[in-house]
Amino acid sequence: MSPLVAHDGREPGDAPQLAKRILIGEPLTTEQVNDQLLPKRMALPIFASDALSSVAYGPQEMLMIMLIGGTALMTLSPLVAAAVVLLLIVVVLSYRQIIKAYPSGGGDFEVTQRNLGEVPSVIVAAALLVDYILTVSVSIASGVDNIISAVPVLNNWRVEMAVGFVALIVIVNLRGVREASAVFAIPTYVFIGSVGVMIVTALVRTVMGDAPVAASAAYTMHAESLSQAAIVLLILRAFSSGCSALTGVEAVSNGVPAFRVPKIRNAKTTLAMMGSIAALLFAGLTAVALISGVKYAEDPCQLVGYTCGTPQQSLMAQVASATFGAGSIAFFIIQAATACVLLLAANTAFNGFPLLGSVLAREGYAPKALNTRGDRLVFSNGMIVLGLAAVVVLVVFQANLTNLIQLYIIGVFVSFSLGQIGMVRHWKRVLHETHARPLSEVADDRRGAVTGLVINTTGAIMTVTVLVIVTITKFTHGAWMVFFAIPVLAVLMLGVKRYYRDVEHEISIDDTTHFGSSGDVAIVLVSRLQKPVIKALDYAIAAQHDKTIALHIALTPEDGKELQRQWQQHNIPVPLVIVDSPYRTFAQPVEHFIRQYREKHGPSVITVYLPQYIVGHWWESMLHNRRSRRIAAQLMMVHGVTITLVPWLLDSSELIYGRRSRPLPGQQRSGRPVVLYSKPPVGRRAQRPAGPPDQG
């Protein structure tokens, strides 16, 4: 074999791309996947940050709706809050049953797929994907809202801040689940502790006769003249807004594979901890807000005494100000912790969305790329897709929390309802299967099935009821967009499933399809007589085909004559065939030549060798016509033809002027060449005359 084939003077570098390694970290091997599993103390901030943080805006949205009916209607707020807490407890108990029965990480999707069929499961998956996108958008918008409450001058940068925070969370999550949990654990626990201290302090002050008073307590609001039916509808709407506190509960059931063993017990414990903390914080914060007289309006200018044009403080900020004082250190700690946990609540979606996407990809309902782990053993493609979708939503809605909250919780209650119905059918099937067996053998199974049936039946009734309420109260306020997006996404997923099914059927092996050929021919495409062409000829000769042909597509007769003269001058021992192309095309004449050759010599296997430049800078690719790739793409459509791209590494692919080559973002992911270096090459490329290839 020619030395030029065996070695072209390059020393492959093994140092990673500097920027990517700084942002994401060193690659992890597949064997290290178990090291990334989470203990309970780290799983809580990862999977529960959404549910825990929703207490920062759940009470706010609930009281905002109640205020529309006037301050008198606010007296019913404790009953509405109690209904939300009761629902939260039921849903947590229901999802503990799902974790027990289906611990593989499919959650509601797996439950509905196994018990209700394909269409309901795809609807659940679409609803969850939409809800995860809205979780990121609402969490980020709410976090930015709390930052602006503390620093109003940032109001004009609302959208830019939101987009920046999404990008930051994407980068942190791309570093891996374990590192992300370490980053998110401290803010989450600080939030739980600080809000807990605030609630206890406010309640103790109230008992001592020094109840906190919010700055907005002096405001009044002229209640609209409402009929009895309108009042009922308003209460239901407030309840549906308060139910936003339930979002994120399903994330633990989707993330069971990320827990350390024993996975089921750890996941159930984490879910119970999350539900207990969320219920206590929601109830406590609502109570303190009512005690301190917090007023929060959808349109603050409707508050009598409010100065229009200034940003309205969030409920959390008003409670903290009333409890500790507006300029106190504790106030800023509460605001900083709330903003952090609200921003980090988006992290729940960045764990749930990629895991669900990987399950859907394995089942064939989503592109296979969503089931690919990145350098840090996370499903990085899913994270990037989620981040881009959330950015689009935030930009379209200008990071406005009030507008975004109207789209929220629709998707999650669709999945709640169908998931609980699926679990009811699951427990009925378990009872039926154990009915014919001796009671002594199946006593524990039947007892567990009866308990699960009671819990999930209660959960199904309550979640379906809430779904109806949410649909009625939110549909005209923007929720119609979610009801449009879910079926569209579901139809797309069904289409992807059918596509994969058709492809699998098409490529499945059978006993009737036979592949046969006689002859093995290599065709080396020659543009001009240059070193890359000689290298391609060298490869073809080294492969020892039955026959090797050099083929030149001549755009003009003069080009063909000049190449023929050079071919003879250098005495190249490969026959040169020249084909005219008066219409200046390349792939079609090659295809026509292959067809004629087969008609004359039989159904030979054709290997087409194409020289191709490899460059080191992204801008160089724009200076070359990339004809080889275009020809290869067209010739791949010809049966019996294989393509061999023969790379020729230009000097720019080494270190030039002491700088690293800078690939475009996504270049490595898309499979385009990216040159990595550990040290500059010692010598230059092995040089040899552009003469005939060695044949020894």
Side-chain angles (χ1 to χ4, degrees), residues 51 82-125 127-128 243 246-256 259 262-276 278-279 356 359 409 411-470:
V84 173
V85 171
L86 176 62
L87 179 62
L88 175 60
I89 293 171
V90 171
V91 170
V92 168
L93 292 175
S94 299
Y95 271 90
R96 282 170 59 88
Q97 300 300 316
I98 291 180
I99 292 173
K100 175 183 176 182
Y102 298 96
S104 62
D108 288 320
F109 169 75
E110 186 177 3
V111 171
T112 51
Q113 185 185 44
R114 294 194 183 184
N115 298 285
L116 301 180
E118 181 181 43
V119 173
S121 67
V122 171
I123 293 174
V124 164
L128 283 173
C243 287
L246 276 72
T247 57
V249 173
E250 79 290 343
V252 178
S253 66
N254 290 335
V256 176
F259 284 82
K263 294 178 181 290
I264 296 176
R265 189 177 70 186
N266 287 339
K268 291 173 68 175
T269 303
T270 300
L271 182 59
M273 293 168 57
M274 179 204 69
S276 302
L356 178 59
V359 172
I409 78 170
V412 75
F413 271 97
V414 170
S415 64
F416 281 175
S417 301
L418 291 175
Q420 296 308 306
I421 294 171
M423 285 301 296
V424 170
R425 180 168 290 187
H426 166 80
W427 294 125
K428 286 184 176 180
R429 187 176 65 251
V430 172
L431 289 173
H432 177 74
E433 291 173 350
T434 57
H435 181 71
R437 297 167 59 187
L439 183 60
S440 58
E441 296 180 3
V442 296
D444 292 339
D445 292 339
R446 289 187 61 83
R447 190 179 305 111
V450 171
T451 302
L453 182 60
V454 172
I455 293 174
N456 289 123
T457 299
T458 305
I461 294 171
M462 295 186 70
T463 53
V464 170
T465 303
V466 174
L467 176 61
V468 173
I469 294 172
V470 169

Supply the atom-to-atom distance [X] [atom1] to [Y] [atom2], rounded to the nearest 0.5 angstrom.
X: S94; Y: I89; atom1: OG; atom2: CD1; answer: 11.5 Å
X: I99; Y: K268; atom1: CD1; atom2: NZ; answer: 8.0 Å
X: T270; Y: R96; atom1: OG1; atom2: CZ; answer: 10.0 Å
X: T112; Y: E118; atom1: OG1; atom2: CD; answer: 11.0 Å
X: Q97; Y: I455; atom1: CD; atom2: CD1; answer: 4.5 Å
X: E110; Y: S121; atom1: CD; atom2: OG; answer: 10.5 Å

**Prompt:** Is the backbone of A460 close enough, under 3.5 Å, to the side chain of T463 for a donor and an acceptor to pair up by distance?
**Reply:**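 Present.
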
**Message:** Check whether S417 reaches the backbone of V414 with its side chain - one donor and one acceptor, N or O, closer than 3.5 Å.
**Reply:**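 Looks like no, no N/O pair under 3.5 Å.
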
Minimal non-hydrogen separation, [X] against [Y], with atom names:
X: V90; Y: G459; value: CG1-CA, 3.6 Å
X: K100; Y: G448; value: NZ-CA, 4.3 Å
X: G419; Y: V111; value: O-CG1, 3.4 Å
X: V430; Y: A449; value: CG1-CB, 3.9 Å
X: P103; Y: I264; value: CB-CG1, 3.7 Å
X: G411; Y: A127; value: O-CB, 3.4 Å

Are [X] and [Y] packed together at the side-chain level, in the sense that at least one heavy-atom pair is separated by less than 4.5 angstrom?
X: R425; Y: L116; answer: yes
X: T458; Y: Q420; answer: no
X: R429; Y: H432; answer: no
X: M423; Y: I98; answer: yes
X: W427; Y: T457; answer: no
X: F416; Y: V91; answer: yes

**Request:** Begin with the C-alpha distance, continue with both residues' side-chain angles, and end with the deciding distance and a verdict on side-chain contact (heavy atoms from CB on, under 4.5 Å) for V464 and I421.
**Result:** CA-CA 9 Å; V464 170; I421 294 171; 4.2 Å; yes

**Prompt:** Does a donor on one side chain sit under 3.5 Å from an acceptor on the other, for Y102 and N115?
**Reply:**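 Yes, side-chain donor-acceptor contact under 3.5 Å.
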
**Request:** Dump the intermediate steps for side-chain contact (heavy atoms from CB on, under 4.5 Å) on L418 and D108, then the final yes or no.
**Result:** CA-CA 7 Å; L418 291 175; D108 288 320; over 6 Å; no

